[in-house]
Structure formats: structure tokens, C-alpha cells
Amino acid sequence: MTQSNLTPIPELYVNADSAQKLKAAAGEMPSWDLTPRQLCDLELLMNGGFYPLKGFLTEADYDGVVNDMHTTSGDLWPMPITLDVSEAFAGQVEPGTDIALRDQEGVILAILSVTDKWTPNKSVEAEKVFGADDVAHPSVNYLHNVAGPVYLGGPITGIQAPTHYDFKARRDTPNELRAFFRKMGWRRIVAFQTRNPLHRAHQELTFRAAREAQANLLIHPVVGMTKPGDVDHFTRVRCYEAVLDKYPAATTHLSLLNLAMRMAGPREAVWHGIIRRNHGLTHMIVGRDHAGPGKNSQGKDFYGPYDAQELFRQNQAEIGVEMVDFKQMVYVQERAQYEPRDEVEAGATILDISGTELRRRLREGLDIPEWFSFPEVVKQLRRTSPPRDRQGFTVFFTGLSGSGKSTVGNALMVKLMEMGGRPVTLLDGDVVRKHLSSELGFSKEHRDINIKRIGYVASEITKNGGIAICAPIAPYTATRRAVREMVEAFGAFVEVHVATPIEECERRDRKGLYKQAREGKIKEFTGISDPYEEPLNPELRVDTSDIDVDNAAHQVLLKLEQMGLIGLS
């Protein structure tokens, strides 16, 4: 490590006196409450993790980053770091305006001096940065369905860091890590980027990588935002702490990175390398399909298995960090040890447990062998992931008005309450409208807000071990996906499409709504003047045209049993 890597990295904070004056002045400024992703980005901008950026990208820098991974000043930077805002807020702001950036509690963290305001072409951003404009990619979905339509850019003046109440001793800024390395006399340090628990293969891999690079090891997991459905960071950090003593004494350090991942594969790998350089590291392990998001809409991987390694290798000199290739480690039964896959001779017995198989074993309370993971790690995972029949879950009915959602939902609720074991709550569309969303109308925006409120309540019920049954129309795919992600952070989400044809729904028309919609008396009515986007892959599809309510509810029960969520025997 050169001396320059040991010296402090520039931060964007002002001194305490200036911070107090800025806080007082900020009361007169337009104010933006940061989203969770923006909060992660701001923290790494202010503490130097995103050096050389001095704020959110200007339009010219954004174009350079999107098109060729370089800012206008020629710095390598692969990921757009932009402040996306609503059209309503953007209307209050022009270049030359200072705005106060606040956390979700209203605490002022920084001032953004706006130099640029523009409406980006998000489809181009998706193609260039993520390789495809495909909402199966979590960040493309975020781009189109979550992020605001207008971007603001400009320099940041940092007032104070966001507050973290968890694992405080493990949260090092770039300069705190550099100071630690200086104190320890570490000159070569290899980073292990991870968003998953550490098992024996990872421990063997990281140990070998550090030895190969003749370096100390930094386990540097992401604890900001990862892929929806990942193990929560509280559980993961307990798992990391449980395996620290498996490494030789004083060779390894654990530090947490509050990064919002984009799952951008090759570009993400380059980005991770630059961030690790800023933290004072000299080497980084780059894995097979590094930061890959899984399958695209055609069921194929978004990125090739070694695309990330190739792009990192091409840009290694500019990144300033040396890549250590990920060696896939496998357990060889005959020798009872882990070895690199490409060094195992033909005919040897290789044992492996996939992520899917591990989740199944946790869900069903099955044995997880010691050759695969450490007992201390399994203990932590079992605390968070009890067998599925003891977890909370959500059953989310969606379908046209009059399809039978509420009726089947009511029948399901009664059957589950008869079985006992977990509290059951029915979040019926009409009831929620009355008690949670009485001020909302029926525009697309208001319907989305209503469904997300239902999703939030369902996720809280699920988190606390209960069963939530939801029965809204929920006509839009993106909104249902947002609800799924909210719930799946805590338990299973079971989407049931009540696929009763519109002709049958209109024939029933208990409330006379279809008749009024046909006459033009009700605007934006789902199925008539507003679309219903059918679920493509629901966990279950039922049609109440030719089966009775009891039968439909029983089909849902059978699906819940098949998924291991309940026991019918």
C-alpha cells in the first residue's frame, strides 16, 4: 500500500461551528426527506466512500457515467448517484437553490446546492447501467416504479452523519478504517464483499485469498440495502461475528458498509472496487456472477458468470485495487476438506448445498451438516428463520371487483382461525378504505397508496408471526411487487389471483358498480375504463365461476400446506 492510500480521504463535512449555522439557515430552505437508498448514498458521499464525487451527479456527469463510466473530469465512476425527487418537489426548486436534506425523522444531514435539474431517460439508463430495460432486475424495477421522475444534481455540504443505533463499533468510515490499518501496521489488505451469511466454503475461500495475496483480510459486508429477500443484516452480522475466531488471531477485521447495492453485476464490481480503494484497501475478491440479480424475464442470468471479473480486470489500473479471483470452493468427501473446484480430480465425490436447499432445510427444520456451515452460524439463522409453520405469512388475493376475493378471504380466515396457532387478520379492501384510507380517491396514485398501506400493515403482521389476508383489487403489477417485497422481508407472500372472468363479475354486480361504469358515471373503473394487469406467476389461480366458496378456500389451504406454512394433518 502506498503512502497516499494511508493518508486521510477528503470528506464533505464542515466544522461544528459552520454546521450549527447551516442548521439554523436550513429552516428557511426547501426540505427533502431522503429515501432509504438516498440516505445510504448521502452517507458515503459525505464520509469519502464515494470519493472523488463531491455531491449528486450533474446532468453532464450523469451522461458520462451512464455512457462510458467516466465523469466529465475523467474520473472512473460506473454508477449514477443522483437525487431523484417527485415532480411536485422539483417544481419548487431551480438551479441556484439550496435545499436541506433530512433523514426520515426530519434531522438535517446536509445541504444540496442545486446546479442541475433534469428528467432522465430511464430506459437508456437501464440499458446502459444494468444491461437491459427489464423490470425483473430489482434496480430497473426501482428505477421505473419507485424512484422519482426528476433528478437533482450539485455539491453537498455535510452537516452530520446519519445515526445508526446498531453495531456502532463495527461501522467504520473510510478514514477510521485507514487509521485502523495504520495502527495495525497492515499494508496489504484484501476485502471480501458479501451480502450473505458466511459458511465454511466462504471462510476457506477468504483465508486462501488473503494468503495468496499475502494480505490481511477485511470482511466488509453490505448492511445498507441489498437484494429483496436477502437475510436481514442483523442476522448476518451476528453470523459474521460468530466466525471471526475461525481466522488466525489479529489477521482479520470485520467492518460494516452502509451501501445501497444496485445488483449491477460488472459495473457493480468496479464500483465496489473504487469504494474499497477509498476505504484504504489494496485487493478485493471478485466472485463468480459478482452482485448478479438472478434471472431476467426470459429466465436467463442477467450477466455472464465472469463478466464482472472481466470488466474489473480491464479497469484495474484506474480502480487502484488489485482483483483476487474468486475460487469456487467445494467440499471433497474423500478428503473431508474444501478445495478449489478446478483442482478436484474427476471421480471425486463433491458435496454441496445450494442457497435454495439451505433455505428449504431451515424452513422445514432439517439438519444442516457441519461440513457445510458452522454450528454458531446455523444457530443464528434458525433464530431468524424458524420452521415455516411457525412463521408469519400473507395471503394476497387480487382480482376484479365481484370476482369473489373478499368472500373467499373471509372463508379462509375462518378456516385458519378454526385451526388455531396464529392470529389471523383480514385486510379487506372496503374495510381498509374506511379505516386507513378514507381520505383517498380512486386515481391510480391514490389506489397505489392504498395498496401499499395494506402491504405495510400485512408486513408488520407477518413480521410478528401472524397471518395477514388481503383482498384488494390491486390492479397494477408494480404495486403488487412492491407489497411482495415488503412482506417477503419477514415471511412468505402467497399471491392468489381470483381469475373470475369480467363477464361473470359483471353478471353478479351486487353493488351496481359495473352498470355505473358502463354508463360513464364512475371514472377509472378497473376492467372497464382502467386496466387490470393480470399476475403472470401467482402462487395460485382460482376461478369462482364454477366452484363454490368453500372449495376455493380449500384450494388456498392446500397451497399453504404444500408450501409448508400450515399443517392440515
Side-chain angles (χ1 to χ4, degrees), residues 1 5 44 49-50 65 69 76-79 129-131 137 139 174 177 186 188-199 201-224 226-227 230 236 240 247 252-257 259-294 301-330 338-343 355:
M1 186 189 291
N5 281 65
L44 287 166
F50 283 174
V65 166
M69 300 201 306
L76 176 68
W77 192 265
M79 199 61 56
V129 177
F130 304 109
H137 193 298
S139 283
L177 264 186
W186 291 4
R188 294 166 64 88
I189 311 105
V190 59
F192 181 55
Q193 146 83 33
T194 181
R195 42 174 260 269
N196 295 306
L198 280 181
H199 301 297
H202 302 112
Q203 194 270 340
E204 183 68 26
L205 155 76
T206 52
F207 178 72
R208 284 174 177 246
R211 189 173 62 192
E212 181 181 306
Q214 296 182 305
N216 291 96
L217 174 67
L218 179 74
I219 300 172
H220 208 199
V222 170
V223 296
T226 58
K227 185 181 174 186
D230 280 353
R236 288 191 287 114
Y240 304 138
Y247 294 90
T252 303
H253 186 62
L254 169 64
S255 183
L256 311 183
L257 180 64
L259 176 72
M261 288 184 68
R262 271 53 167 189
M263 307 304 298
R267 281 193 180 225
E268 184 106 5
V270 172
W271 191 40
H272 289 171
I274 295 169
I275 293 166
R276 274 23 185 257
R277 176 198 68 202
N278 291 336
H279 283 76
L281 292 133
T282 58
H283 295 70
M284 187 176 103
I285 300 168
V286 179
R288 185 181 183 279
D289 194 26
H290 184 99
D301 289 337
F302 271 96
Y303 311 116
Y306 302 107
D307 288 356
Q309 292 182 358
E310 183 56 35
L311 192 65
F312 195 106
R313 192 176 285 109
Q314 291 170 15
N315 293 277
Q316 188 166 271
E318 275 191 275
I319 294 168
V321 167
E322 192 173 324
M323 178 172 70
V324 179
D325 288 359
F326 185 103
K327 305 286 194 301
Q328 186 187 0
M329 304 302 296
V330 294
Y338 278 92
E339 298 176 9
R341 180 69 182 84
D342 58 2
E343 295 177 15

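Note that the coordinates shown come from a computational prediction; the quantities given were computed from them, not determined experimentally.
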Exercise for the section: Find the distance between CG (L198) and OG1 (T206) and round it off to the nearest 0.5 Å. Expected result: 6.5 Å
Problem - Intermediate values then yes/no, side chain to side chain contact (heavy atoms under 4.5 Å, CB included), M284 and R277 - result: CA-CA 9 Å; M284 187 176 103; R277 176 198 68 202; over 6 Å; no
Practice task
Can you measure from CG (L76) to CD1 (I274) and round to the nearest 0.5 angstrom?
Solution key: 4.0 Å
Problem - Heavy-atom check, side chain of F192 versus side chain of L205, under 4.5 Å - result: yes
Exercise for the section: Would you sort out whether M261 and Q193 count as a side chain to side chain contact (heavy atoms under 4.5 Å, CB included), showing the intermediate values? Expected result: CA-CA 11 Å; M261 288 184 68; Q193 146 83 33; 3.7 Å; yes
Completion exercise
One should read off an interatomic distance between Y240 OH and N196 CG, to the nearest 0.5 angstrom, of 6.5 Å
Exercise for the section: Kindly compute the distance separating CD1 (I275) from CG (L259), expressed to the nearest 0.5 Å. Expected result: 4.5 Å
Exercise for the section: For the pair R341 (side chain) and V330 (backbone), establish whether a donor and an acceptor sit closer than 3.5 Å, ignoring hydrogens and angles. Expected result: no
Exercise for the section: Return the orientation label for the H279 and H220 ring planes: parallel under 30°, perpendicular over 60°, tilted otherwise. Expected result: perpendicular
Exercise for the section: Might you point out which heavy atoms bring A264 and M79 nearest each other, and give the distance in Å? Expected result: CB-CE, 3.7 Å
Fill in the blank from the handout: Taken in chain and number order and not counting sequence neighbours, the residues that satisfy side chain to side chain contact (heavy atoms under 4.5 Å, CB included) with D325 are Q309, R313, M323, K327
Exercise for the section: Over 60° means perpendicular and under 30° means parallel, so classify the ring planes of H137 and F130, tilted if in between. Expected result: tilted
Problem - Heavy-atom closest pair, residues P174 and G49 - result: CG-N, 3.6 Å
Problem - Pairs flagged by side-chain hydrogen bond (donor to acceptor under 3.5 Å, both in side chains) wherever residues 207-217 is involved - sequence neighbours left out - result: E204-R208
Practice task
Give, for atom OG of S139 and atom CZ of R262, the distance between the pair rounded to the nearest 0.5 Å.
Solution key: 7.0 Å
Practice task
Compare all side-chain heavy atoms of H253 with those of L177 and state whether any distance is below 4.5 angstrom.
Solution key: yes
Fill in the blank from the handout: When every non-hydrogen atom of L217 is compared with those of A210, the smallest separation belongs to CB-CB, 4.2 Å
Handout entry: P340 side chain reached by Q328 side chain, heavy atoms, under 4.5 Å
Key = no
Exercise for the section: Write down the atom of V321, the atom of L281, and the distance for their closest heavy-atom approach. Expected result: CG2-O, 3.7 Å
Problem - Closest contact, heavy atoms only, Y247 versus H202 - result: OH-O, 4.4 Å
Problem - Under the salt bridge (charged side-chain N to carboxylate O under 4.0 Å, His left out) test, residues paired with R276 that sit two or more places apart - result: none
Practice task
Search all heavy atoms of P78 against all heavy atoms of M69 and return the closest pair with its distance.
Solution key: CB-SD, 3.6 Å
Fill in the blank from the handout: When rounded to the nearest 0.5 Å, the distance separating NE2 of H290 from OH of Y303 is 11.5 Å
Exercise for the section: Would you check if R195 and M263 make a side-chain contact, meaning some heavy-atom pair closer than 4.5 Å? Expected result: yes
Exercise for the section: Could you tell me how the ring of W77 sits relative to the ring of F50: parallel (under 30°), tilted (30 to 60°) or perpendicular (over 60°)? Expected result: perpendicular
